[in-house]
Asker: 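I'd like to ask some things about the structure below.
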There are 2 protein chains.
Amino acid sequence: MPRAGVTRERVTEEAEQLADEVGFDALTLAAVAARLGIKLPSLYKHIDSLAALRDSVSERAIHELAGVMARATVGKAGADAVAALAHAAREWAREHPGRYAATVPAPRRGVDAEFGMPEAAAAAATAVGVIYDALAGFGLEGDDAIDATRGLRSLLHGFVALEAAGGFGLPADVDRSFDRVVDAFIRSLPGYRTA
Amino acid sequence: MPRAGVTRERVTEEAEQLADEVGFDALTLAAVAARLGIKLPSLYKHIDSLAALRDSVSERAIHELAGVMARATVGKAGADAVAALAHAAREWAREHPGRYAATVPAPRRGVDAEFGMPEAAAAAATAVGVIYDALAGFGLEGDDAIDATRGLRSLLHGFVALEAAGGFGLPADVDRSFDRVVDAFIRSLPGYRTA
DNA sequence: GCTTTAAAGCTATTGGCAATAGCTTTATGG
DNA sequence: CCATAAAGCTATTGCCAATAGCTTTAAAGC
């Protein structure tokens, strides 16, 4: 086949790197094409649209994050597992801000959002499952486990997002705050038990 | 003065409404102008740029949110005050998704982010102060209070953001989850005491 | 009441980006 | 060695932000 060059994979990888550098929302096809040394219209031989490329980045990012969290918990249980998962997630998010931003579902992109991105939804379910499993050791069942999972997801996403946005203005050590916030959450886990 | 028409205030208000309808990031000058019944270039008689308009919306939104949280806590203290603040913030965010999105500082918009938006930074400090004060009743001082504030901000922002993004896929009742997540956080507050 | 004037609006234009159409090149397979 | 299909290109359209420069209108002074 033609001119040994760009593949769908390479486009996505370059988009990921670019997103990490300029932000997921500042991702442009023009910049991706420039990086690959081709002209913008040529990209359409590999992708369907900017939206489709963003979806690809999202899906891969969610899988990556799920893998990072899962690996962080191997050989650990209970509080250790949850703390390791939390710290691993934050670290990955700091190293890959663009990919991390791609991780959170786009807030109503137009009218769709119900059907769009079926694969990404499946990937997201996997990632949430990792968190759910890490909390399983605390004797939480059914809705209690769901509530606790939502709590941890919220805490992690909120902290990471605010940190990335520069939302923690005060000089107080942010690493220390994260440790304490995660610890406090873990200690609150028994409170999610309903029975 | 001329043609009784648009003012800087009206532009900002229309931008806020539009942001709530289409999302803060989908805010365009073209749409704002169309709503006001004028042509796009005419907008520049009232604002400096799209970025400046977005900053105005951000600043006002932060003030609004701070006011909503502050009003929710009057006449309350301790756990009641914190719970009321949390529920008021979530409710306002759900009613004004575009304004809420404008509330969180833009993650490194280009190179600046250090100096840009001095007024918005002051407004943000006020809003954080409301949360800080609500937690004051728990005997937290210095860095302990900062850590707890960061915890509550993270939890609230994360929950609201994920909810707005449709990130809670399971059928389990989201209102109930929020109640329990906030309760668990409040019960974890004594754990922030260092002394 | 008329004139001055400055604000508020307009049209026209530029430049960036996504997207589509249609042509050209090139590597590979028969 | 040629046919072919993939990969690249140029050209074009449409949308948006932004700037330049002209025109209108409402208020303020005489």
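In the text below, chain A, chain B and the rest are named by the order of the sequence lines, each starting its count at 1.
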Asker: Only one of B:Glu64, B:Arg90, B:Glu95, B:His157 passes side chain to side chain donor-acceptor pair (under 3.5 Å) with B:Tyr100; say which it is.
Answerer: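 Among B:Glu64, B:Arg90, B:Glu95, B:His157, the one meeting side chain to side chain donor-acceptor pair (under 3.5 Å) with B:Tyr100 is B:His157.
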Asker: Do the side-chain N or O atoms of A:Ser42 get closer than 4.0 angstrom to the phosphate oxygens (OP1, OP2) of D:dC9?
Answerer: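 For D:dC9, OP1/OP2 do have a side-chain N/O of A:Ser42 under 4.0 Å.
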Asker: Closest to the A:Ala30 side chain: D:dG8, C:dA19, C:dC17?
Answerer: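 Nucleotide nearest to A:Ala30's side chain: C:dC17.
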Asker: For B:Phe24, is the NZ or CZ atom of B:Arg54 found under 6.0 angstrom from the centre of its six-membered ring and inside 45 degrees of the ring axis?
Answerer: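 Flagged: B:Arg54 positioned over aromatic ring of B:Phe24.
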Asker: Can you tell me the distance, in whole Å, between the CG atom of A:Leu27 and the P atom of C:dG16?
Answerer: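 So the two atoms are 19 Å apart, to the nearest Å.
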Asker: What is the distance, rounded to the nearest whole Å, between atom CD1 of A:Ile38 and atom P of D:dG8?
Answerer: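 Going from CD1 in A:Ile38 over to P in D:dG8 covers 5 Å.
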Asker: Is it true that A:Arg94 and A:Asp175 have a side-chain N and a carboxylate O under 4.0 angstrom from each other?
Answerer: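 Here A:Arg94 pairs with A:Asp175 in a salt bridge, since their nearest N and O are under 4.0 Å apart.
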Asker: Are A:Arg150 and B:Phe159 in a cation-pi contact, defined as NZ or CZ under 6.0 Å from the six-membered ring centre and within 45° of the axis?
Answerer: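 No - A:Arg150 does not lie over the ring of B:Phe159 by the 6.0 Å and 45° rule.
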Asker: Using atom OH of A:Tyr44 as one end and atom P of D:dA11 as the other, report the distance to the nearest whole Å.
Answerer: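 After rounding, the reported distance stands at 19 Å.
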Asker: Find the distance A:Ile47:CD1 to D:dG8:C1' and express it as a whole number of Å.
Answerer: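 Rounded to whole Å, this separation is 15 Å.
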Asker: Which listed nucleotide (C:dC10, C:dA18, C:dT20) is nearest to the side chain of A:Leu29?
Answerer: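 Minimum distance to the A:Leu29 side chain belongs to C:dA18.
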Asker: In whole Å, what is the span from the CG atom of B:Leu40 to the P atom of D:dA20?
Answerer: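 The answer, rounded to whole Å, is 16 Å.
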Asker: Using a cut-off of strictly less than 4.0 Å, decide whether A:His46 has a side-chain nitrogen or oxygen near OP1 or OP2 of D:dG8.
Answerer: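 For D:dG8, OP1/OP2 do have a side-chain N/O of A:His46 under 4.0 Å.
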Asker: Whole Å only: how far is the NZ atom of A:Lys45 from the P atom of C:dT24?
Answerer: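 Going from NZ in A:Lys45 over to P in C:dT24 covers 13 Å.
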Asker: Tell me: CG of A:Leu43 to P of C:dA21, nearest whole Å?
Answerer: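 So the two atoms are 17 Å apart, to the nearest Å.
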Asker: Take atom CG of B:Leu50 and atom P of D:dC15, then tell me their distance rounded to the nearest Å.
Answerer: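 Interatomic distance, CG of B:Leu50 to P of D:dC15: 18 Å.
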